[in-house]
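Worksheet: the structure to be examined is printed underneath.
Only a predicted model underlies this, so the values are computations on that prediction, with no experimental measurement involved.
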Amino acid sequence: MSLKERLREDWKLAMKSRDSFKAGVISMARASILQSEKTDGKTLDDDQVIDVLSKEIKQRKEAIVEFERGNRPDLVDQTKKEIEILLDYLPQQLTEDEIQEIVREVIIEVGANSIKDMGKVMASVQPRVRGRADGKIVSQIVKEQLS
């Protein structure tokens, strides 16, 4: 079952069980996928769907910061619940130790030895962690290991 089919089936189940919150979150995710397909003019495969869902999660994490700044704990909680639902559709997230190991391997592979090589390292790391790690965390770990 493709990721889009799984989203559709889970949306149907949420509607049948009258879980309007979950149905709404899944509906927003499906709308983002559809918008991306219309923009690109092609059907998205699972990897591309993961990219869209990752982008949705990133937007919500950024919104949490703003909601905290605005002293809106109700919206912070709601947004965290939305992220939890969306994370169910992404591959298992990597731990920081796992990311550090991948970065170490790539640094050795590309022969990186200074911060100037960060672009080469990131270009090799990103495909390995796509959908399984936050880009900010990966970037931070790469910087730490190249410094």
N/O donor-acceptor pairs under 3.5 Å from side chains in residues 25-38, not counting sequence neighbours:
from	atom 1	to	atom 2	distance (Å)
S32	OG	M28	O	3.3
S32	OG	E56	OE2	2.6
Q35	NE2	T39	OG1	3.4
E37	OE2	K4	NZ	2.5
E37	OE2	L44	N	3.1

| Roughly how far, to the nearest 0.5 Å, is the CG atom of D40 from the CD atom of Q48? |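 Taking CD in Q48 and CG in D40, the distance rounds to 7.5 Å.
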Using the test salt bridge (charged side-chain N to carboxylate O under 4.0 Å, His left out), find all partners of [X] that sit at least two apart in sequence or belong to another chain.
{"X": "K80", "value": "none"}
{"X": "R18", "value": "none"}
{"X": "K58", "value": "none"}
{"X": "D45", "value": "none"}

| said: Going by the rule side chain to side chain donor-acceptor pair (under 3.5 Å), which residues pair with R104 if we only count those two or more places apart in sequence or in a different chain? | reply: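 R104 satisfies side chain to side chain donor-acceptor pair (under 3.5 Å) with E101 only.
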| request: Mind checking side chain to side chain donor-acceptor pair (under 3.5 Å) for D74 and listing every partner two or more places apart, or none if nothing turns up? | output: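 Result, side chain to side chain donor-acceptor pair (under 3.5 Å) vs D74: R72.
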| message | Under the criterion salt bridge (charged side-chain N to carboxylate O under 4.0 Å, His left out), I'd like the reasoning laid out for R130 against D51: C-alpha separation, chi angles, the key distance, then a yes or no. | response | CA-CA 8 Å; R130 175 170 282 135; D51 289 342; 3.4 Å; yes
Indicate if [X] and [Y] have the same hydrophobic cluster label, given that clusters are the connected sets of ILVMFWY residues with side-chain heavy-atom separations under 4.5 angstrom.
{"X": "V138", "Y": "I57", "answer": "no"}
{"X": "L7", "Y": "L13", "answer": "no"}
{"X": "V106", "Y": "I137", "answer": "yes"}
{"X": "V129", "Y": "V52", "answer": "no"}

| query | Mind checking whether I50 and S54 have side chains closer than 4.5 Å, heavy atoms only? | reply |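 Contact flag for I50/S54 side chains = yes.
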Extract all donor-acceptor atom pairs below 3.5 Å that involve side chains of residues 81-94 and protein atoms in other chains or at least two apart in sequence.
from	atom 1	to	atom 2	distance (Å)
E82	OE1	R60	NE	2.8
E82	OE2	Q78	NE2	3.4
Y89	OH	D10	OD2	2.6
Q93	NE2	P91	O	3.1
Q93	NE2	G131	O	2.9

| query | Quick one: does S124's side chain have a donor or acceptor within less than 3.5 Å of a partner on V121's backbone? | reply |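 Absent.
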| request: Taking D134 for its side chain and K136 for its backbone only, find out whether a donor-acceptor pair lies under 3.5 Å. | output: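 Between the backbone of K136 and the side chain of D134 there is a qualifying donor-acceptor contact (under 3.5 Å).
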Can I get a per-line list of side-chain donor-acceptor pairs under 3.5 Å for residues 139-147, giving both atom names and the distance, sequence neighbours left out?
from	atom 1	to	atom 2	distance (Å)
Q145	NE2	Q100	O	3.3
S147	OG	K143	O	2.7

| task | Please list, chain by chain and in numerical order, all residues satisfying side chain to side chain contact (heavy atoms under 4.5 Å, CB included) with T95, sequence neighbours excluded. | result |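 T95 satisfies side chain to side chain contact (heavy atoms under 4.5 Å, CB included) with D97, E98 once adjacent residues are dropped.
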| Those residues that, when tested against D46, pass side chain to side chain contact (heavy atoms under 4.5 Å, CB included) (two or more places apart) |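 Checked D46 against side chain to side chain contact (heavy atoms under 4.5 Å, CB included); matches are S2, L3.
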| query | Under the salt bridge (charged side-chain N to carboxylate O under 4.0 Å, His left out) criterion, do E9 and K12 qualify, and how do the steps go? | reply | CA-CA 5 Å; E9 293 303 315; K12 286 180 188 177; 3.6 Å; yes
| request: Write out all pairs satisfying side-chain hydrogen bond (donor to acceptor under 3.5 Å, both in side chains) with one or both partners inside residues 107-123, taking only residues at least two apart or from two chains. | output: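 Listed by first then second residue: E109-R128.
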| task | Could you tell me which non-hydrogen atom of E5 sits nearest to which non-hydrogen atom of M1, and how far apart they are? | result |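 Closest heavy-atom pair between E5 and M1: OE1-CA, 3.4 Å.
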